[in-house]
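Accompanying notes for the structure given below.
Index from 1, following the sequence. Note that ligands are numbered from 1 as they come in the structure, with each ligand's atoms numbered from 1 the same way.
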Amino acid sequence: MKPLILSDPLPPLFAQLTADRFDVRPIGTLPDDPAQVLGLFSYGHFAIDGRLMDAYPQLKVISNHGVGVDHIDVQAAADRGVPVGNTPGCLDEATADHTMALLLATARNVVSGDRFARGPGFQNYDPGILLGTEVSGQTIGIVGMGRIGTEVARRAAAFGMRILYHNRSPRPEVERALGATWVAFDPLLSDSDFVVLNCPLTDATTGLIGRTQLQQMKSSAILINMARGGVVITDELCDALAAGEIRAAGLDVTEPEPLPRDHRLLSLENVVLTPHLGSATVQTRHRMMKRAVDNLSAGIKGIALPYPVIP
Ligand code: 8YV
């Protein structure tokens, strides 16, 4: 009998991968005996709190497909002796690539340009339309110099950008390798042409960017959020974008996510949105799934997870 795992819906390819090793059933459907459930698998970020853990007395492991575990109460899991695993170190390049994609798209009007190029208005070439802002030679301010932030810095260096960053602890090796400079949060906001969020969502970063911080930014600046929607106060960002207090925003994540279809953010022209695509490449998804499945297997065997989350 294969170990019983509860998961949110998996696409067919991954459903097959996991089905080879586990009996995967949808979260929310109670098995006859909850004590049969040995693992919880979070694919699309469903919330896992202590109460949910307590519903399964034999729970041996919680595996998260992805790095961010803000939807899992990791301390509650530790208190119950249940290890939590995630998938670090295999999605940094893909997520950094997408960060640059949003940065370039907002700076160079890629989305509005696409719309215009397809529309009835494009009859004659006019060199004066849709002028973007330069990327090369501009200042990027990276909030969160972890693995992903470091890959963003590497790309920014290749674009000839000046690199500022803010992180709890300075990263001298990144400074040496990529010419990045640690600055306090306020000067990062006021000196950057692009403020890029690559930090985890924690108590300290929830609502990190609101009205006050947006007003500290240059009116020509662009905000890129690749972290979690909750790092930005959505209503206050909408106000700043509508009032032209900042130039534009590129958002891979929002709060709430997805946004209600009539949300104000969706009607703003100076926003480029993607639906949480940071790590969404075929190659990266396969690496993530492998790590997530390895964590599940180890937890069920009762051995140390290869990719544990330390509370
Ligand atoms: C995934 C993510 O898209 O790693 C993260 O924190 O948010 C993304 O890489 C997500 O975990 C989907 O499973």
Sort out the contact shell of ligand 1: every protein residue with a heavy-atom distance below 4.0 Å, listed by chain and number.
Y43, H45, H65, G66, V67, G68, L91, R228, H276, S279, R285, M288

T139-D191 side chain donor-acceptor pair, cut-off 3.5 Å
no

Could you tell me if R115 and S112 have a donor-acceptor pair between their side chains, going purely by distance under 3.5 Å?
no

Verify whether one side chain among R285 and S279 offers a donor that lies under 3.5 Å from an acceptor in the other.
yes

Can you tell me which residue pairs pass the salt bridge (Lys or Arg N to Asp or Glu O under 4.0 Å) test with a partner in residues 163-179, sequence neighbours excluded?
R171-E173

Only pairs under 3.5 Å count here: list side-chain donor-acceptor contacts from residues 119-131, not counting sequence neighbours, and write none if there are none.
unit_1 : atom_1 : unit_2 : atom_2 : d
Q123   : NE2    : P120   : O      : 2.8
D126   : OD1    : G128   : N      : 2.7

Tell me, please, which residues at least two apart from S297 pass side chain to side chain donor-acceptor pair (under 3.5 Å).
R21

